[in-house]
Amino acid sequence: MHRIFTTPIADVWPHYVAKLERKGRNRADFDEVVHWLTGLDREQVEAHLEAGTTFEEFFAAASLPPQATLITGVVCGVRVEDVEDPLMQKIRYLDKLVDELARGKSMEKVLRG
């Protein structure tokens, strides 16, 4: 089991938000992407952050859309579509979406629309 699986999402979430804000995006953009990927709204995500939910528990509560399989590319030198562990792939999906937002991709492209 990878260590990230048992890491509370609250430990990583501020880093995602800070990265996006440094690149001119805002929390609302991030919330929209997280909602698209997980089906969870901002209040539900906040509850997970406050509860100390791990990545494993967070993605167990999520409902990924069928279009999530369209998320492809490289994150940390690993092709997202080639990740074999389903939980690690979901985490990499989130990482990839954050990267795309930070690089200035339009929301329509990020959300595979």
Side-chain angles (χ1 to χ4, degrees):
M1 179 182 289
H2 196 278
R3 161 182 109 155
I4 192 71
F5 296 172
T6 58
T7 300
I9 60 168
D11 289 357
V12 180
W13 218 254
H15 300 287
Y16 288 143
V17 174
K19 178 179 184 174
L20 292 172
E21 288 176 345
R22 277 193 316 271
K23 300 293 186 170
R25 297 311 273 251
N26 58 44
R27 176 69 193 260
D29 292 337
F30 185 47
D31 290 343
E32 185 176 347
V33 166
V34 170
H35 177 69
W36 177 84
L37 180 64
T38 66
L40 302 172
D41 63 28
R42 184 172 182 157
E43 291 78 25
Q44 291 169 312
V45 170
E46 288 296 328
H48 282 287
L49 294 172
E50 291 172 17
T53 300
T54 65
F55 273 95
E56 184 174 28
E57 295 163 336
F58 180 74
F59 279 106
S63 186
L64 272 65
Q67 301 92 328
T69 59
L70 300 176
I71 301 169
T72 60
V74 178
V75 174
C76 298
V78 177
R79 294 208 67 77
V80 174
E81 59 272 25
D82 294 339
V83 174
E84 291 184 19
D85 184 281
L87 176 55
M88 182 60 82
Q89 188 171 52
K90 291 172 187 173
I91 294 168
R92 294 299 184 188
Y93 284 161
L94 179 58
D95 292 342
K96 183 65 179 169
L97 295 178
V98 168
D99 285 352
E100 289 178 355
L101 272 178
R103 278 195 242 110
K105 272 196 170 183
S106 70
M107 191 62 75
E108 182 181 358
K109 287 184 179 182
V110 172
L111 302 181
R112 301 333 194 236

Atom pairs and distances, donor-acceptor, side-chain atoms in residues 66-80, under 3.5 Å, two or more places apart:
unit_1 : atom_1 : unit_2 : atom_2 : d
Thr69  : OG1    : Pro66  : O      : 3.1
Arg79  : NE     : Glu81  : OE2    : 2.8
Arg79  : NH2    : Glu81  : OE2    : 2.9

**Report entry** Worked check of side chain to side chain contact (heavy atoms under 4.5 Å, CB included) between Leu101 and Val98
**Finding:** CA-CA 5 Å; Leu101 272 178; Val98 168; 5.8 Å; no
Report task. Tell me, with the steps shown, if Trp36 and Val110 meet side chain to side chain contact (heavy atoms under 4.5 Å, CB included). Result -> CA-CA 10 Å; Trp36 177 84; Val110 172; over 6 Å; no
Report task. For Leu87 and His2, run side chain to side chain contact (heavy atoms under 4.5 Å, CB included): C-alpha distance rounded to whole Å, both residues' side-chain angles, the deciding distance at 0.1 Å, then the answer. Result -> CA-CA 10 Å; Leu87 176 55; His2 196 278; over 6 Å; no
Requested in this report: Using the side chain to side chain contact (heavy atoms under 4.5 Å, CB included) rule, take Asp82 and Gln89 through it: C-alpha gap first, then chi angles, then the decisive distance, then the call.
Outcome: CA-CA 8 Å; Asp82 294 339; Gln89 188 171 52; over 6 Å; no
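Residue pairs meeting the side-chain hydrogen bond (donor to acceptor under 3.5 Å, both in side chains) criterion with at least one member in residues 102-113, sequence neighbours excluded: Glu100-Arg112.
Taken to the nearest 0.5 Å, the CD atom of Glu46 stands 12.0 Å off from the CG atom of Leu40. For the atom pair Asn26 CG and Leu20 CG, the distance stands at 9.0 Å (nearest 0.5 Å). Atoms CZ and CG, from Phe55 and Leu94 in turn, are 6.5 Å apart once rounded to the nearest 0.5 Å. A distance of 4.0 Å separates CD1 of Ile4 from OG1 of Thr7, quoted to the nearest 0.5 Å.
Counting all heavy atoms, side chain and backbone alike, His48 lies closest to Phe58 at CG-CD1, 3.9 Å. The nearest pair of heavy atoms linking Asp29 to Arg25 is OD2-NE, 3.0 Å. Of all heavy-atom pairs spanning Gly52 and Pro8, the tightest one is O-CB, 3.9 Å.
The side-chain contact (heavy atoms from CB on, under 4.5 Å) search around Lys23 returns Ala102, not counting sequence neighbours. Residues passing the salt bridge (charged side-chain N to carboxylate O under 4.0 Å, His left out) test with Asp31, sequence neighbours excluded: Arg27, Arg42. With sequence neighbours excluded, the residues that form a side-chain contact (heavy atoms from CB on, under 4.5 Å) with Glu21 are Val17. By the side-chain contact (heavy atoms from CB on, under 4.5 Å) test, Thr54 is found to be paired with Glu56, Glu57, residues two or more places apart in sequence or in another chain being considered.
The aromatic rings of Phe30 and Trp13 sit tilted relative to each other, their planes meeting at an angle between 30° and 60°.
A heavy-atom distance below 4.5 Å is not found between the side chains of Tyr16 and Val33.
The pair Lys96-Asp99 does not meet the salt-bridge criterion, since no charged nitrogen lies less than 4.0 angstrom from a carboxylate oxygen.
Listed for the Gln44 side chain is a donor-acceptor partner under 3.5 Å among the backbone atoms of Asp41.
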